[in-house]
Amino acid sequence: MIKYGGTEPSPPLAETIVDLDAIAHNTRLLAAQTNATMLAVVKANAFGHGVQAVTRTVLDAGAQWLGVTSRAEALELRDVGITAPILSWLHAPDEDFAPVITADVDLSAASVDHLVGIAASARRIGIPANVHLKADTGLSRGGATDRNWPELVSQARSLEQAGLIRVRGVWSHLANAEQPDHPSVAGQIHEFKRALTFARATGLSPEVTHLANSAALIGVPEAHFDLVRAGIALYGPEPMTDRTVGLRATMTLRSRVILTKRVPAGTGVSYGHDYTTSHETTLVLVSIGFADGVPRCAGSRAEVWIRGRRCPIAGRIAMDQFVADVGDLPVRTGDEVLVFGTGERGEPTVTEWAGWAGTNPHEILTGIGARVSRRYLPVRSGQTTERERVNA
Ligand SMILES: *Cc1c(COP(=O)(O)O)cnc(C)c1O
């Protein structure tokens, strides 16, 4: 009988190590920066870290709400028994909202069409939907503009009086929170307060108002309101351009050397021969590529950590592999290659990779491919968690 799939467990060719203790630390650190309640943003598989393990960790460490973008993400959390309040915020108006309303998931609404769609599902199942009305206060992405806000609010009030929805929240999102002095920050806070005043004058009484993302949580206290939505900062990268608050890196991406070769000076390397060796050197083949989330465009600048040293990537990153030039380092097949890690030993960080790729750390973290296996380091700190206190 032919058996497919290995019988001998061998180390994976590429894996991420997710440090749940660092995520717990970051959650506590961020929660301590505010009197507001923390909503942990766990969209996109918790920024690539694995949504279930991360969700349990952030809830134990003090987050009370969860934020996702889609019905599927919200229902996955309910399916594994998560009972914390969840807000889901990106939907087409004609989706079937019945399953998420039944599962007690709050929904964002940014247009009358969305309200009508949500109310139709609610009427069908006889359960009122919890809605957060989203104002566009200047990002010009989601949300209702100043011009459309009065209609959205009055429709919401009518549907609330009809028992089809409950306006539980009013919210918005900032465009430049990582630069607190940017004039748009104060402008958006002002617009948000105006939108809130109008909503209250129309008879709505939202239980939670929220505007801040990670950067505003750290740098714009006036934007905290009732809930702060922490995303990227939970996962380690410092969101502010001008200061750090002591967040810990949460993800290591590593692979292995699967081939080494000694080559003479003048050897062209990888597709297009973009890289040519300047002297005799050792090239090593690493089994991870752009399909696994190593950004191809970073090839000419990026470095990796091998045997305690930074080594340049030589030539183009391919779909499944890249070559590094290790010079005269005694690198052997099987040696570990850190693509990025905590930075403590000198290895590159995810923020450096983002710089090399001309993007933000969010895109690097969420871009880790499906072939990369994920391993978790448990929460190990002796700190008493909220849950432990409650259960004591
Ligand atoms: C992704 C997202 C966040 C989290 O933002 P960070 O900058 O990662 O903290 C907050 N709010 C909304 C609406 C989002 O889409």
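Both counts, for ligands and for their atoms, begin at 1 and track the order of listing.
A salt bridge links Arg194 with Asp146: at least one charged nitrogen is closer than 4.0 Å to a carboxylate oxygen. Taking a cutoff of 4.0 Å between a charged side-chain nitrogen and a carboxylate oxygen, Asp328 and Arg262 qualify as a salt bridge. A salt bridge does not link Glu347 to Arg254: none of the charged side-chain nitrogens sits closer than 4.0 Å to a carboxylate oxygen. With respect to Asp136 and Arg147, no salt bridge is recorded, no charged nitrogen being found less than 4.0 Å from a carboxylate O.
Across all their heavy atoms, Pro128 and Gly163 have their closest contact at CB-O, 3.5 Å.
At the top of the distance list for atom 3 (C) of ligand 1, counting protein heavy atoms only, stands Lys43 NZ, 3.8 Å. When only non-hydrogen protein atoms are considered, atom 7 (O) of ligand 1 lies nearest to Asn213 ND2, 3.3 Å. Annotation: atom 9 (O) of ligand 1 to nearest protein heavy atom, Ser214 OG, 2.5 Å.
Under 4.0 Å from ligand 1, the heavy atoms of Trp171 that appear belong solely to its side chain.
For ligand 1 and His362, the ligand atoms under 4.0 Å from any heavy atom of the residue are 8 (O). Close approach of ligand 1 to Phe47 (heavy-atom distance below 4.0 Å) involves ligand atoms 8 (O).
Annotation: Arg229 places an N or O atom under 3.5 Å from an N or O atom of ligand 1; distance criterion only.
Of the listed residues (Leu211, Asn360, Ile232, Val41), the one carrying the non-hydrogen atom nearest atom 8 (O) of ligand 1 is Ile232.
A 4.5 Å side-chain heavy-atom check between Val350 and His362 finds every atom pair outside the cut-off.
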Inset, instruction - Give the intermediate values and the outcome of ring pair (Phe, Tyr, Trp, His ring centres under 6.0 Å) for residues Trp65 and His132. - result: CA-CA 13 Å; Trp65 281 66; His132 296 227; 5.6 Å; yes

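At least one heavy atom of Arg141 sits less than 4.0 Å from an atom of ligand 1.
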